[in-house]
Protein chains: 2
Amino acid sequence: MEKRIYTPGVIHRLSMYLRYLSQLDDVGRITVSSREMSDAVNVNSAEIRRDLLTFKASGKRGVGYDVKALISKFNEIIGTQEQTNIILVGAGNLGAAIINFDALKKHGFVIAGVFDKDARKIGKEVGDKIVQPMDKVKEVVMDSNVKTAIIAVPSSAAQNTAEELAKAGIKVILNYTSARIEPLPGVMIQTTDPVEKLLHTLYYLKKTGSA
Amino acid sequence: MEKRIYTPGVIHRLSMYLRYLSQLDDVGRITVSSREMSDAVNVNSAEIRRDLLTFKASGKRGVGYDVKALISKFNEIIGTQEQTNIILVGAGNLGAAIINFDALKKHGFVIAGVFDKDARKIGKEVGDKIVQPMDKVKEVVMDSNVKTAIIAVPSSAAQNTAEELAKAGIKVILNYTSARIEPLPGVMIQTTDPVEKLLHTLYYLKKTGSA
DNA sequence: TAGATTGTTAATCGATTAACAATC
DNA sequence: TAGATTGTTAATCGATTAACAATC
């Protein structure tokens, strides 16, 4: 597995490149220039070349880059090969949406268990997973060597859920609610508001009068 | 309405400040120092002071900032007052999750209509909205002066949906799927992958060996 | 006054972009 | 060769941070 760590900005552009390159590959394109990629993904062509440089992907002057070579290079960097088990707490709409995102699978993350507090949800099938009660978390954490949990419960339940997860041995919590979670000893907490980027965009559109 | 446009970075920090300040206000705190805020939201205290400067929020040296004053200032900047109507296409899990985010409401965005192609979903209640068929989009766009639509359909349907929306008079599309949408004349398209930030964080954790 | 904390400047850091020689 | 496009350097831009005088 590629060991270098890139900034979020670079990784973001990388996913955009990948998306566009897959489209090209689908229609049988062999090479692509930084100019073309620039037009398609709206990133300055010099920046693209510099990115490709840091990814150690090289092209042919006067010709461009090999589409398939870039795709396999990028997939390697994103780390699709190595599987990482995570669990998901909260089988509501947001949780269900997360289960169904193939982007997670595509990036090598496997949802090893889905949990919910709501007795009515337990035993139900969501996506291709069966919802389990919270007291099963510990077992799954041990059995599947899980360190990371995504919290997608109602904001009001976020803090409680985090504390339960900490007790069950979870080391990293991705808080996918809009509530702040108080620090817990020995646990890394990352809050990611699910609509944040949507809001930024809307905010921008509103201010510029386009929305 | 405050007319200045701030960068996504600033707005992101602003929402974090707001979240923390509300907590303080709830427990009756009157003032807060940039140091305290810094500890709570993990942003350098100098940066916080500079942010507050650009927001034209002032404090008292040796004391700190007034909590309530900051809150109302920030709400003003985010533009909660002025309502903007938008529509949502796609009443699946992701769509339902979007409807239930009060963050949208809190920032002054009103979902004026929810639409879906799937005949089985039409007429059903999702959140507090009734799902309508796609051929009603035009009507709602006209009646409620809607320019902006959020697309939360399966990736495979994104392009088609965008084209239909363009025909119905939509000017701005927020593509909340992981598919790329080809440019459409007269329409601004913004793609926001719903799990992107989640993936970045996971990617980072994986590479550092913490996940 | 003494201690704390703001307001603000200047330094640093990192990311983006322009430009162009190298070379296919 | 002529045209195109990479690879790479240097310039620019913007965001973050350290530092500290002003002042509550």
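Below, chains carry the letters A, B, ... as their sequence lines are ordered, and counting in each starts from 1. Values below: all heavy atoms of this structure, side chains included; hydrogens, waters and symmetry mates excluded.
- A donor-acceptor pair under 3.5 Å links the side-chain atoms of A:K129 to the main chain of A:I111, judged by distance alone.
- At least one side-chain nitrogen or oxygen of A:R13 sits closer than 4.0 Å to the OP1 or OP2 atom of C:dT16.
- Remark: P of C:dA4 and CD of B:E36 are 13 Å apart, rounded to the nearest angstrom.
- Place A:K60 and A:N44 on DNA chain C by their nearest nucleotides, and A:N44 ends up nearer the 5' end.
- The phosphate of C:dT6 has OP1 or OP2 within less than 4.0 Å of a side-chain N or O from B:S34.
- Note: CZ (A:R49) to P (C:dA21) measures 14 Å, nearest angstrom.
- Nearer to the 5' terminus of DNA chain D, by closest-nucleotide assignment, is the contact made by A:V63 (compared with the other of A:V63 and A:A46).
- Just one residue in the list A:V153, A:D193, A:L94 forms a side-chain contact (heavy atoms from CB on, under 4.5 Å) with A:Y176, and that residue is A:L94.
- Heavy atoms from other residues, nucleotides or ligands lying under 6.0 Å from CZ of A:R35 number 12 at most.
- Residue side chain A:R61 reaches the base of D:dT6 through a donor-acceptor N/O pair under 3.5 Å, judged by distance alone.
- As rounded to whole Å, 21 Å separates atom P of C:dC24 from atom CD1 of A:I30.
- A salt bridge between B:R180 and B:E182 is present, with a side-chain N of the basic residue lying under 4.0 Å from a carboxylate O of the acidic one.
- Taking atom CD of residue A:E47 and atom C1' of nucleotide D:dT12, one finds them 13 Å apart after rounding to whole Å.
- Among the atoms of the strands shown, none is found under 4.0 Å from any heavy atom of A:S45.
- Pairing of C:dC20, defined by two Watson-Crick or G-U wobble distances under 3.5 Å, is identified with D:dG7.
- Between D:dA4 and A:Y65, no contact under 4.0 Å exists linking OP1 or OP2 to a side-chain N or O.
- Here the P atom of nucleotide C:dT16 and the CG atom of A:L53 are 15 Å apart, to the nearest Å.
- B:F55 places its CZ atom 14 Å from the P atom of C:dG7, with the value rounded to the nearest Å.
- Taking the six-membered ring where tryptophan is involved, the planes of A:F74 and A:Y17 are tilted, since the angle between them lies from 30° to 60°.
- Computed from coordinates, the A:R50 CZ to D:dT5 C1' distance equals 18 Å when rounded to whole Å.
- Rounded to whole Å, the distance from CG on B:D39 to P on C:dT5 is 11 Å.
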